[in-house]
2 protein chains.
Amino acid sequence: MATRGNGRPRRPSITDVARRAGVSVGTVSNVLNRPDQVTPATRERVQAAIEELNFVRNASARQLRAGTIRTVGAIVLDIANPFFTEVARGIEDRLAPDEYTLMLSSSDQDPEREARYLRLYEEHGVQGVLVTPSQGSLETILALRDRGIGVVLLDATTEVEDVSSVGVDDVRGAALAVEHLLDLGHERIAFINGPDSIRQCVDRRAGVVAALVAAGRDPGAVLTEVTVASLNADAGEKAMHELLAIDASRRPTATFCVNDFTALGALRALRWADVRVPDAMAVVGYDDVAIAPMLTVPLTSVHQPTHTLGWTAADLLLREAGADGPAEHQRVLFQPELVVRTSTAG
Amino acid sequence: MATRGNGRPRRPSITDVARRAGVSVGTVSNVLNRPDQVTPATRERVQAAIEELNFVRNASARQLRAGTIRTVGAIVLDIANPFFTEVARGIEDRLAPDEYTLMLSSSDQDPEREARYLRLYEEHGVQGVLVTPSQGSLETILALRDRGIGVVLLDATTEVEDVSSVGVDDVRGAALAVEHLLDLGHERIAFINGPDSIRQCVDRRAGVVAALVAAGRDPGAVLTEVTVASLNADAGEKAMHELLAIDASRRPTATFCVNDFTALGALRALRWADVRVPDAMAVVGYDDVAIAPMLTVPLTSVHQPTHTLGWTAADLLLREAGADGPAEHQRVLFQPELVVRTSTAG
DNA sequence: TTTCGTCCTTGAAACGATTCATGGCCACTC
DNA sequence: GAGTGGCCATGAATCGTTTCAAGGACGAAA
């Protein structure tokens with residue numbers, strides 16, 4: 001048997017199949033790609049040869065000649081974050097029926113890592129990439145697009161010219177949360193927020209303020225903002241302790257947390273301090289992670305259409321790839337929804 | 001500029017670079033792959049041409065000629081499950097320094113989907129695949145291996161000849177949980193388990209029974225098993241309600257749940273019934289998901305070395321690929337650890 | 001000056017599939 | 001029987017890279 005020098009048998013090629021079936025390579029290719037243009041008898045002979053040899057097409061050779069490849073690359077900020085896995089699922093669901101495949105990777109917010117994966121995808125000749133840009137990586141991405149590779153920004157709300165993007169309206173999401181608390185009659189509201197280096201935090205603060213102003217309140221009087229360095233449970237717990245130190249007469253009666261993990265910590269602090277939720281303190285989170293409804297006090301949270309987000313991003317990309325002329329770029333902004341649970345309306 | 005018929009400019013090839021730099025294609029290839037064999041002056045000229053043209057290697061042509069590709073495919077059961085995302089992270093971390101890349105996908109326990117991805121990976125010429133086999137898919141996987149593609153089974157404990165695999169000892173993990181409860185003095189223990197169609201459930205029951213027997217207890221007397229259809233919070237909550245219906249004098253004083261989501265539901269039921277944890281009922285989960293320590297009652301749980309699992313699987317694969325002769329197959333079984341938190345030892 | 005030897009560079013062959021102009025074969029029509 | 005057209009099969013050219021035998025240039029040694 002033919003070998004490749006390393007002792008392993010060589011994969012059968014289209015030539016081997018042709019020889020075995022007693023036809024030309026062109027005919028084998030026709031069986032694979034245009035079976036109706038081949039006489040049934042010939043077709044069956046070729047099929048038999050394919051099965052006997054366990055022939056598997058070589059995607060590289062195929063792509064080299066055809067110039068195209070049905071693959072899309074995606075780079076998310078953090079693959080361990082449920083938000084992004086749900087987005088990835090949405091992307092896959094859009095690609096599968098078109099027989100596209102997904103190459104998925106995680107940049108971990110590292111622009112260098114992101115650049116490495118972008119180059120890799122480009123070398124592989126993907127039709128396009130879906131990227132959640134990390135800070136300062138936009139230039140690399142735009143250069144990629146200029147070289148003719150489809151680009152859709154994922155979870156981006158920044159206004160960039162000539163790039164398609166999908167995102168969720170964080171300003172509106174935060175506003176929804178605050179409107180809900182105002183509706184419930186809360187007049188002193190706390191906001192546990194993260195640093196300004198994270199876009200989401202900036203946008204959500206804007207939403208909080210906008211909602212208060214729209215309701216005729218003075219943000220300075222109603223709002224107590226606590227800033228935490230990282231968006232995890234421990235930070236949320238610490239922040240809530242600060243709030244609980246405030247004299248009961250001036251203490252906020254509701255807290256909006258910039259994400260669910262922070263809210264989880266806040267709830268824990270409340271539990272330990274024996275403050276009843278939602279009677280003595282209402283809590284709203286953001287992201288509506290899978291466990292939000294499973295908590296001992298199910299958490300009211302702002303839900304984002306993650307699956308749709310991914311689906312739409314992939315859809316935009318495929319459309320761009322399908323278009324012949326220079327693509328028209330679209331920016332899609334989804335609206336979040338508030339899911340009311342026990343932590344605010346017990 | 002050269003075009004490809006669809007109006008888009010053609011990507012510059014190594015030939016374009018060679019022409020621009022006034023050298024042969026062989027020299028350009030040398031600059032890319034063996035830079036030290038090229039005179040500095042020539043090298044710089046070529047580098048300049050590469051940058052001016054924005055040349056990017058064509059991975060397909062490269063692979064076609066070289067016959068190999070530094071890519072590994074992985075198929076997990078459910079990409080939305082934190083267990084698998086952490087495993088994926090481990091895989092990536094092992095591959096990155098060797099400049100391998102990962103193609104990741106999710107079979108959703110569908111053998112057909114799994115087969116489709118396997119074939120795709122094979123067409124792309126991956127060096128190997130990491131698979132969590134879904135039911136009855138082993139044959140496809142073995143055929144793949146026979147065709148010379150590296151295979152490592154992920155999270156598999158079944159004994160299959162001639163295939164490498166990595167897994168975590170579920171029997172031992174469950175035993176750890178029960179030993180812990182016995183140490184705390186519990187003499188009536190509940191076990192909320194899933195269906196026998198899931199291997200983990202079978203293994204974990206075996207561990208529960210083994211631990212009781214080893215401690216000289218009669219499982220029939222100590223154990224109350226409740227079976228749920230799916231491993232989520234609602235099922236866990238319902239199961240705990242069943243347990244709470246038992247007369248207090250005979251009711252178990254501790255519950256071991258087959259995974260953390262079930263435990264979450266159980267905790268919720270306890271909270272609503274105002275049963276104090278851990279005093280009136282201790283609870284142990286399994287998986288140690290990220291939110292286990294964030295709960296209002298931090299959850300005691302069995303921790304699995306997910307990252308290491310993925311890392312090791314990838315490591316085995318790379319070793320097999322590196323070996324020249326027929327690979328020696330290894331089966332690695334990791335040991336889980338119990339993480340004690342408030343829900344058992346408040 | 002000649003002869004080596006070293007060090008770079010060259011250019012054609014090869015990888016495996018797809019494409020397409022070419023031509024063979026056959027049936028049918030006039 | 002010649003002409004026409006439809007249907008299939010053919011096989012060489014092609015994609016962009018890597019590889020490697022062969023050749024060229026140049027300096028050092030005799």
Side-chain angles (χ1 to χ4, degrees), chain A residues 2-6 8-47 49-50 53-70 122-125 147, chain B residues 2-6 8-47 49-50 53-70 120 122-125:
Chain A
T3 65
R4 183 165 259 164
N6 61 6
R8 257 173 258 176
R10 186 175 60 76
R11 266 168 73 160
S13 79
I14 209 175
T15 316
D16 300 322
V17 174
R19 195 176 315 136
R20 175 133 195 164
V23 298
S24 74
V25 293
T27 301
V28 177
S29 179
N30 280 337
V31 170
L32 293 171
N33 301 302
R34 300 173 212 74
D36 43 311
Q37 282 190 22
V38 181
T39 314
T42 316
R43 199 191 313 154
E44 275 165 33
R45 208 142 35 90
V46 172
Q47 292 283 16
I50 286 176
L53 294 174
N54 277 319
F55 167 73
V56 175
R57 260 188 177 100
N58 180 324
S60 304
R62 208 175 175 202
Q63 176 190 353
L64 176 58
R65 178 60 234 245
T68 175
I69 182 184
R70 299 176 87 75
E122 187 176 6
E123 289 187 359
H124 275 268
R147 267 173 265 138
Chain B
T3 65
R4 183 165 261 163
N6 61 5
R8 254 172 262 176
R10 186 176 59 76
R11 265 167 75 160
S13 78
I14 210 176
T15 316
D16 300 323
V17 174
R19 193 174 318 135
R20 175 133 195 163
V23 299
S24 74
V25 292
T27 301
V28 176
S29 178
N30 280 337
V31 169
L32 293 171
N33 302 301
R34 299 174 214 73
D36 43 312
Q37 281 189 24
V38 180
T39 314
T42 314
R43 200 192 311 154
E44 274 167 35
R45 206 140 36 89
V46 172
Q47 293 282 18
I50 286 177
L53 294 174
N54 277 320
F55 166 75
V56 175
R57 263 184 172 101
N58 180 323
S60 303
R62 198 171 185 208
Q63 177 189 354
L64 176 58
R65 177 62 233 244
T68 177
I69 182 184
R70 298 176 87 77
L120 201 91
E122 187 176 6
E123 289 187 359
H124 275 269

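Lettering follows sequence order; numbering is per chain, from 1.
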J.: Once you round it to whole Å, what is the distance between P of D:dT17 and CD of A:Glu122?
T.: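 Interatomic distance, CD of A:Glu122 to P of D:dT17: 12 Å.
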J.: Looking only at side-chain N and O atoms, does B:Ser24 come under 4.0 Å of OP1 or OP2 in C:dT9?
T.: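 Answer is no, no contact under 4.0 Å.
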J.: Does B:Thr27 make a side-chain N or O approach to OP1 or OP2 of C:dT9 shorter than 4.0 Å?
T.: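 No, B:Thr27 has no side-chain N/O under 4.0 Å of OP1/OP2 on C:dT9.
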J.: First locate atom CZ of A:Arg57, then atom CG of A:Asn33, and finally report the distance between them rounded to the nearest 0.5 Å.
T.: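 Going from CZ on A:Arg57 over to CG on A:Asn33, the span is 5.0 Å.
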J.: Name the closest nucleotide to the A:Arg57 side chain, picking from C:dT18, C:dT9, C:dA14.
T.: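 So the nucleotide nearest the side chain must be C:dT18.
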J.: Rounding to a whole Å, what distance do you find between B:Leu64:CG and C:dA13:C1'?
T.: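 Between C1' of C:dA13 and CG of B:Leu64: 13 Å.
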J.: Using the side-chain contact (heavy atoms from CB on, under 4.5 Å) rule, pick out the option among A:Thr27, A:Leu32, A:Val23, A:Leu53 that qualifies with A:Val17.
T.: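 It is A:Leu53, the one option of A:Thr27, A:Leu32, A:Val23, A:Leu53 that forms the side-chain contact (heavy atoms from CB on, under 4.5 Å) with A:Val17.
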J.: Below 3.5 Å is the cut-off: list the nitrogen or oxygen pairs between protein and nucleotides 26-28 of chain C, distance only.
T.:
none

J.: May I have the distance from B:Glu44 (atom CD) to C:dT9 (atom P), rounded to whole angstrom?
T.: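 Value for this atom pair: 12 Å.
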J.: Can you tell me if A:Arg62 touches the phosphate of C:dT18, counting only side-chain N or O atoms and a distance under 4.0 Å to OP1 or OP2?
T.: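 For C:dT18, OP1/OP2 do have a side-chain N/O of A:Arg62 under 4.0 Å.
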J.: Roughly, in whole Å, what's the span from CZ in B:Arg19 to C1' in D:dT17?
T.: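 Distance check: B:Arg19 CZ to D:dT17 C1' gives 15 Å.
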J.: Rounded to whole angstrom units, what separation is found between the CZ atom of B:Arg65 and the P atom of C:dA12?
T.: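 In whole Å, C:dA12 P lies 15 Å from B:Arg65 CZ.
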J.: If the cut-off is 4.0 Å, is B:Thr42 near the phosphate of C:dT9, judged by side-chain N/O to OP1 or OP2?
T.: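 It does, given that an N or O in the side chain of B:Thr42 lies less than 4.0 Å from OP1 or OP2 of C:dT9.
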J.: Scan A:Val38 against the nucleic acid and name what it touches under 4.0 Å (heavy atoms): base, sugar-phosphate only, or nothing.
T.: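 Since only primed, P, OP1 and OP2 atoms lie under 4.0 Å of A:Val38, the category is sugar-phosphate.
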J.: Rounding to a whole Å, what distance do you find between B:Gln63:CD and D:dT17:P?
T.: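 So the two atoms are 14 Å apart, to the nearest Å.
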J.: Rounded to the nearest angstrom, tell me the gap between atom CD1 in B:Ile50 and atom P in D:dG16.
T.: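 After rounding, the reported distance stands at 16 Å.
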J.: Check the distance between D:dT19's P and B:Asn30's CG and give it to me in whole angstrom.
T.: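 It is 9 Å, rounded to the nearest whole Å.
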J.: With a 4.0 Å cutoff (strictly under), does any side-chain N or O of B:Asn33 reach OP1 or OP2 of D:dT18?
T.: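 Yes, such a contact exists.
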J.: If you assign each of A:Gly26 and B:Gly26 to its closest nucleotide in DNA chain C, which residue comes earlier from the 5' end?
T.: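 Nearest-nucleotide comparison on DNA chain C picks B:Gly26.
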J.: Which heavy atom in A:Arg43 sits nearest to a heavy atom in A:Pro35, and how many Å separate them?
T.: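 Answer, listing the atom of A:Arg43 first, then A:Pro35: NE-O, 3.2 Å.
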J.: Do any side-chain nitrogens or oxygens of B:Ser13 fall under 4.0 Å of OP1 or OP2 in D:dC15?
T.: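 Negative; the distance criterion is not met.
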J.: For B:Val46 versus B:Ala21, what's the shortest heavy-atom pair and its separation?
T.: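 Looking at all heavy atoms of both residues, the shortest contact is CA-CB, 4.0 Å.
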J.: So which atom in A:Glu122 and which in B:Arg11 form the shortest heavy-atom distance, rounded to 0.1 Å?
T.: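 Looks like O-NH1, 3.0 Å.
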J.: State whether A:Arg34 places a side-chain N or O below 4.0 Å from either non-bridging phosphate oxygen (OP1 or OP2) of C:dT18.
T.: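 Checking A:Arg34 against C:dT18: no side-chain N or O falls below 4.0 Å of OP1 or OP2.
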J.: Select from B:Ala61 and B:Val23 the residue whose nearest nucleotide in DNA chain C is closer to the 5' end of that strand.
T.: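 Comparing both residues, the 5'-ward one is B:Val23.
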J.: When you measure from the side chain of A:Gln63 to the backbone N and O of A:Arg70, does any donor-acceptor pair fall under 3.5 Å?
T.: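 It does not hold such a pair.
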J.: Treating B:Thr39 as the side-chain partner and B:Ala41 as the backbone partner, does any N or O pair qualify as donor plus acceptor under 3.5 Å?
T.: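 Here the side-chain-to-backbone pair does not exist.
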J.: Taking only the side-chain nitrogens and oxygens of B:Thr39, find out if one of them lies under 4.0 Å from OP1 or OP2 of C:dT9.
T.: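 So the side-chain polar atoms of B:Thr39 do come within 4.0 Å of the phosphate oxygens OP1 or OP2 of C:dT9, strictly under.
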J.: Would you name the heavy atoms of A:Pro12 and A:Asn54 that are closest together and state the gap between them?
T.: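 A:Pro12 and A:Asn54 have their closest heavy atoms at CG-O, 4.1 Å.
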